[in-house]
*Asks:* 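Let me give you the structure first, and then I'll get to my questions.
All ligand and atom numbering here is 1-based and tracks the order in the structure. What you see is a predicted model, and the numbers here were worked out from it, not measured in a lab.
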Amino acid sequence: MAQYRRVSGSVGLITLQNPPVNALSASVRQGIVDSVKRALGDQKVKSVVICGQNGVFCGGADIREFGRQMSGPPLVPMIHDIEAANKPVVAAIEGSALGGGLELALGCHYRISHSKAKLGLPEVTLGLLPAAGGTQRLPRLIGVPAALNLITTGRHVTAAEALQLGILDHVTEHNTVDVAVKFALSVTGESLDGRRISSFSCAPLSDLDSLFEEAMLKARALQYFFFAQRAVGRWSTPSGARWDTSQPRPVRKAAVIGLGTMGRGITVALAQAGLSVVAVETHAKQLMEAKKAVPSMLKRGAVRGGTTIEPDSITYSETVQAVADVDLVIEAVFEDMALKEKVFQQLSIVCKPDTLLCTNTSSLDVDHLASQTRHPELVVGMHFFAPAHVMKLLEVVYGRRSSPAAVATAMQLGKKMGKVSVAVGNCRGFAGNRMLKRYLEQAFFLLEEGATPELVDRALEEFGFPMGVFRMSDLSGLDVGWRVRKADGLADTSLTGTSARVRQGCRYSPLGDLLCEHGRFGQKTGRGWYQYDKPGGRVAKSDPWLHNFLDEYRARHGLVPRCIDQQEVLERCLFVLINEGFQILEEGIAAGPEDIDAIYVFGYGWPRHRGGPMFYADMVGLERVVERLERYHQAHPNVPYLQPSGLLRRLVANGSPPIHKWRNVIKNRNSQL
Ligand SMILES: CCC/C=C/C(=O)SCCNC(=O)CCNC(=O)[C@H](O)C(C)(C)COP(=O)([O-])OP(=O)([O-])OC[C@H]1O[C@@H](n2cnc3c(N)ncnc32)[C@H](O)[C@@H]1OP(=O)([O-])[O-]
């Protein structure tokens, strides 16, 4: 219902009353219709304010009435009558104005909001359209592009953003109803001609078709990704193991070896999944720190998720012997093969014969680690992403000898931990990091050729990544990749002349190695591709030192900088990553494009509304991807990964079938097409 009273002499105050969110039930709509009629008919009333009780304007349609026979006055004429009123009507928005609630506010002549309020048209998330005027009034008020974004995403915006967009007339920190009443008094008698949104004309746009086309593509990408997430659970391996024929083993007690950043996150994620956990760290200082850090991470998680954690579900130990009775072990020691070999040899002796042994390596050879144990069929990779208790992605890496039960167990455990688990084969970097390597290389090459970190990052962020490659590299630490390149014998900055930029016959950029030699490891040292106000600082600022360094580097190597545009950045960085994805599909490292897309959206910040790299390739058109790769390969013949992969070429030769048909072509990869 709605309460009506006259306040401040001449303002009719209508208060929506329907706990908990003043949704527009039949009786609320009836209350509004009756109150508006009263206010407009009362000569003492010169203006009207509509608000909601208990600090919430209106949560939209009453979801408790969904599926029931429609009764009471319909919303559209009700809002239209408010707009047509000859006395000013002001919406006083507190809490939320969502769906029909915002549509009601758009029917008012003025909108005043508290700074903490949220506004939006979330109908799309319920399978509806904002059909009570939202699709008509919002574009007229804020323009088609901004309205389309709100309508198609359903996102809630803050009062500050709503003010900036032009949805609100005023935002206040004070009592919103009091402010709205004062405002209503001040506009009494003013003309309402320019305040009725439905009479506004929509600003004409020359590129309206492409705008709608883009919105349609986003919708298609989101639909594709919805199904892709589900497809990854139906895993299979080239040896014929499958999700529906492989029986997972029960895992009640698990162990984590190594309590650095990753190990702590994994311990938390296991405990949150209800397992009892043995957390092992052989360095006394690190163990002591973990004993403090893990419970506070668990506490924070419990507050966020409203859950409780058994405090004694984790036991700590300084020796590997403590894992003798666990069902599964996740090794998370330093990324060093010799160290991991030793751990696996020890585990193979200490653990029960049927304990599953998992490694959290991000790129090392799972088969080699399996060969260190007595039961290589019980070894798989469980590659978590930092922070392991937050990030949704888990790559489950099966080796040559991993049993179907071992893969099924790791996949099921991942699911229990709330992860999206993707089964991938064993190769250097698995699927995600292997593709990332090509993307990073191209970003470095672009700097050599004349780009700046700012230019590259801007292009990637405008594409939709939360962070460009260089800002991301500063966040995760430049030293991580440097260590790997040193171990691989690549990071040799003593080389001069042309050999400084070539390794094993291919183009190589030593830029990352040189930065590390200057002690620039990214945020942790306060300097990287950008500068930060202090070590550990978060706000990246352009660094003149870096720009000088790049100028000198180019001059030293006789590289003439050229103008690089955003399109080249996107094509070079993304198409090479996509090409590696096709290679991975061809080799059977990932079973289907959905696996790669899930990995990239959940693990690497690929924008969901672009569906993932493989879906994006399908959208761009496979022929175009091939054509651009060939062109770039011609320009850079010493970068072999720019050469289109065999599978990509075969798909094009097959008439570029849509993504859901690629598996058929992959299956027939031995045919003579
Ligand atoms: C022709 C029609 C056209 C219009 C179509 C639309 O408007 S479509 C758009 C429709 N609107 C939306 O899609 C908005 C959906 N709602 C929200 O986004 C959020 O609830 C919120 C932001 C309003 C409040 O967030 P918060 O974290 O502060 O609180 P919370 O989430 O914990 O909920 C608290 C309680 O409120 C209840 N309840 C909530 N909404 C409605 C409703 N519309 N109705 C009835 N009840 C509703 C909720 O069930 C819960 O009850 P419980 O379990 O305690 O008995």
*Asks:* Can you tell me the protein heavy atom closest to atom 44 (N) of ligand 1 and the distance?
*Replies:*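 Atom 44 (N) of ligand 1 sits closest to the protein heavy atom Ile63 N, 3.0 Å.
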*Asks:* Check ligand 1 against Ser96 and write out every atom of the ligand that is under 4.0 Å from a heavy-atom position of the residue.
*Replies:*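 Every atom of ligand 1 under 4.0 Å from some heavy atom of Ser96: 22 (C), 23 (C).
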*Asks:* Against heavy atoms of Pro122, which atoms of ligand 1 measure under 4.0 Å?
*Replies:*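 Answer for ligand 1: 12 (C), 13 (O).
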*Asks:* Any protein heavy atom lying closer than 4.0 Å to atom 26 (P) of ligand 1?
*Replies:*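 Under the 4.0 Å cut-off, atom 26 (P) of ligand 1 has no protein heavy-atom neighbours at all.
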*Asks:* Check Leu126 against ligand 1 and report side chain, backbone, both or neither, counting heavy atoms closer than 4.0 Å.
*Replies:*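 The part of Leu126 near ligand 1 is the side chain, not the backbone.
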*Asks:* His156 near ligand 1, heavy-atom distance under 4.0 Å?
*Replies:*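 Yes, that is the case, since the closest heavy atom of the residue is under 4.0 Å from the ligand.
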*Asks:* Do you see a donor-acceptor pair shorter than 3.5 Å between the side chains of Asp474 and Tyr532?
*Replies:*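 Tyr532 and Asp474 do have a side-chain donor-acceptor pair below 3.5 Å.
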*Asks:* Can you tell whether the side chains of Asp169 and Arg195 come within less than 4.0 Å, N to carboxylate O?
*Replies:*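 Arg195 and Asp169: salt-bridged.
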*Asks:* What residue and atom, counting heavy atoms only, is the protein's closest point to atom 11 (N) of ligand 1, and at what distance?
*Replies:*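 Sorting protein heavy atoms by distance from atom 11 (N) of ligand 1 puts Gly59 O, 2.8 Å first.
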*Asks:* May I ask you to say whether Arg155 pairs ionically with Glu161, meaning some side-chain N is under 4.0 Å from a carboxylate O?
*Replies:*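 Yes, charged N to carboxylate O under 4.0 Å.
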*Asks:* Out of all atoms in ligand 1, which are within 4.0 Å of some heavy atom of Leu98? Include the element for each.
*Replies:*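 With Leu98 as reference, the close atoms of ligand 1 come out as 14 (C), 18 (O), 22 (C), 23 (C).
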*Asks:* Closer than 4.0 Å and a protein heavy atom, does any atom meet both conditions relative to atom 32 (O) of ligand 1?
*Replies:*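 Given the 4.0 Å cut-off, atom 32 (O) of ligand 1 does not count as touching protein heavy atoms.
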*Asks:* In terms of residue, atom name and distance, what is the protein heavy atom nearest to atom 4 (C) of ligand 1?
*Replies:*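 Protein heavy atom with the smallest distance to atom 4 (C) of ligand 1: Ala61 CB, 3.7 Å.
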*Asks:* Answer yes if a protein heavy atom lies under 4.0 Å from atom 18 (O) of ligand 1, otherwise answer no.
*Replies:*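 Yes.
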*Asks:* Going by the order shown, which atoms of ligand 1 are within less than 4.0 Å of some heavy atom of Asp62?
*Replies:*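 Within the 4.0 Å cut-off of Asp62, ligand 1 contributes 44 (N), 45 (C).
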*Asks:* Please report the C-alpha distance between Val124 and Thr152 in whole Å, then the side-chain angles of each, then the deciding distance to 0.1 Å, and finally whether the side-chain contact (heavy atoms from CB on, under 4.5 Å) criterion is met.
*Replies:* CA-CA 6 Å; Val124 69; Thr152 55; 5.8 Å; no
*Asks:* Might you check, step by step, whether the distance between atom 48 (C) of ligand 1 and some protein heavy atom is under 4.0 Å?
*Replies:*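 So atom 48 (C) of ligand 1 lacks protein heavy-atom neighbours under 4.0 Å.
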*Asks:* Considering only non-hydrogen protein atoms, determine which one is nearest to atom 1 (C) of ligand 1 and report residue, atom name and distance to 0.1 Å.
*Replies:*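 Here the closest protein heavy atom is Leu75 CD2, 4.0 Å.
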*Asks:* Under 6.0 Å between ring centres: does that hold for Phe615 and Tyr600?
*Replies:*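 No, the ring centres sit 6.0 Å or more apart.
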*Asks:* Please classify the Pro20 to ligand 1 contact at 4.0 Å (heavy-atom distances, strictly less than): side chain, backbone, both or neither.
*Replies:*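 The side chain, only.
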*Asks:* Which ligand 1 atoms, with their elements, are less than 4.0 angstrom from a heavy-atom of Gly100?
*Replies:*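 With Gly100 as reference, the close atoms of ligand 1 come out as 4 (C), 6 (C), 7 (O).
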*Asks:* Mark yes or no for whether Arg140, through its side chain, and Cys202, through its backbone, hold a donor-acceptor pair below 3.5 Å.
*Replies:*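 No, the answer is negative, given that no donor and acceptor are paired below the 3.5 Å cut-off.
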*Asks:* Around atom CZ of Phe66, are there more than 12 heavy atoms from other residues, nucleotides or ligands closer than 6.0 Å?
*Replies:*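 For Phe66, atom CZ is crowded (more than 12 foreign heavy atoms under 6.0 Å).
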*Asks:* Decide side-chain contact (heavy atoms from CB on, under 4.5 Å) for Phe200 and Leu141; before the verdict, give the C-alpha distance in whole Å, the side-chain angles of both, and the deciding distance to 0.1 Å.
*Replies:* CA-CA 7 Å; Phe200 296 3; Leu141 185 63; 4.0 Å; yes
*Asks:* Relative to the heavy atoms of Gly60, which atoms of ligand 1 are at a distance of less than 4.0 Å?
*Replies:*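 Close to Gly60: 7 (O).
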*Asks:* Answer yes if the ring centres of Phe463 and Tyr616 are under 6.0 angstrom apart, and no otherwise.
*Replies:*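 Ring centres of Tyr616 and Phe463 closer than 6.0 Å.
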*Asks:* Would you call Arg264 and Glu289 a salt bridge, using N to O less than 4.0 angstrom?
*Replies:*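 Here Arg264 pairs with Glu289 in a salt bridge, since their nearest N and O are under 4.0 Å apart.
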*Asks:* Can you tell me which residue and heavy atom of the protein come closest to atom 38 (N) of ligand 1, and the distance to 0.1 Å?
*Replies:*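 Of every protein heavy atom, Val21 CG2, 3.9 Å lies nearest to atom 38 (N) of ligand 1.
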*Asks:* Is there a protein heavy atom less than 4.0 Å away from atom 35 (C) of ligand 1?
*Replies:*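 So far as the 4.0 Å threshold goes, atom 35 (C) of ligand 1 is in reach of a protein heavy atom.
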*Asks:* Going by the atom numbers of ligand 1, which of them fall below 4.0 Å from some non-hydrogen atom of Gly99?
*Replies:*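 It comes down to these atoms of ligand 1: 7 (O).
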*Asks:* With a cut-off of 6.0 Å (strictly less than), are more than 12 heavy atoms of other residues, nucleotides or ligands near CD of Gln164?
*Replies:*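 For Gln164, atom CD is not crowded (no more than 12 foreign heavy atoms under 6.0 Å).
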*Asks:* Evaluate the 4.0 Å heavy atom contact test for atom 8 (S) of ligand 1: does a protein atom fall under the cut-off?
*Replies:*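 Protein heavy atom within 4.0 Å of atom 8 (S) of ligand 1: present.
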*Asks:* Protein heavy atom under 4.0 angstrom of atom 40 (N) of ligand 1, is there one?
*Replies:*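 True for atom 40 (N) of ligand 1.
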*Asks:* Quick check: Phe385 with Tyr604 (ring centres under 6.0 Å apart)?
*Replies:*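 Yes: the rings meet the under 6.0 Å criterion.
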*Asks:* Does the cation-pi check pass for Arg230 over Phe226, that is, NZ or CZ under 6.0 Å from the six-membered ring centre and within 45° of its axis?
*Replies:*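 Because its charged atom sits under 6.0 Å from the ring centre and within 45° of the axis, Arg230 does stack over Phe226.
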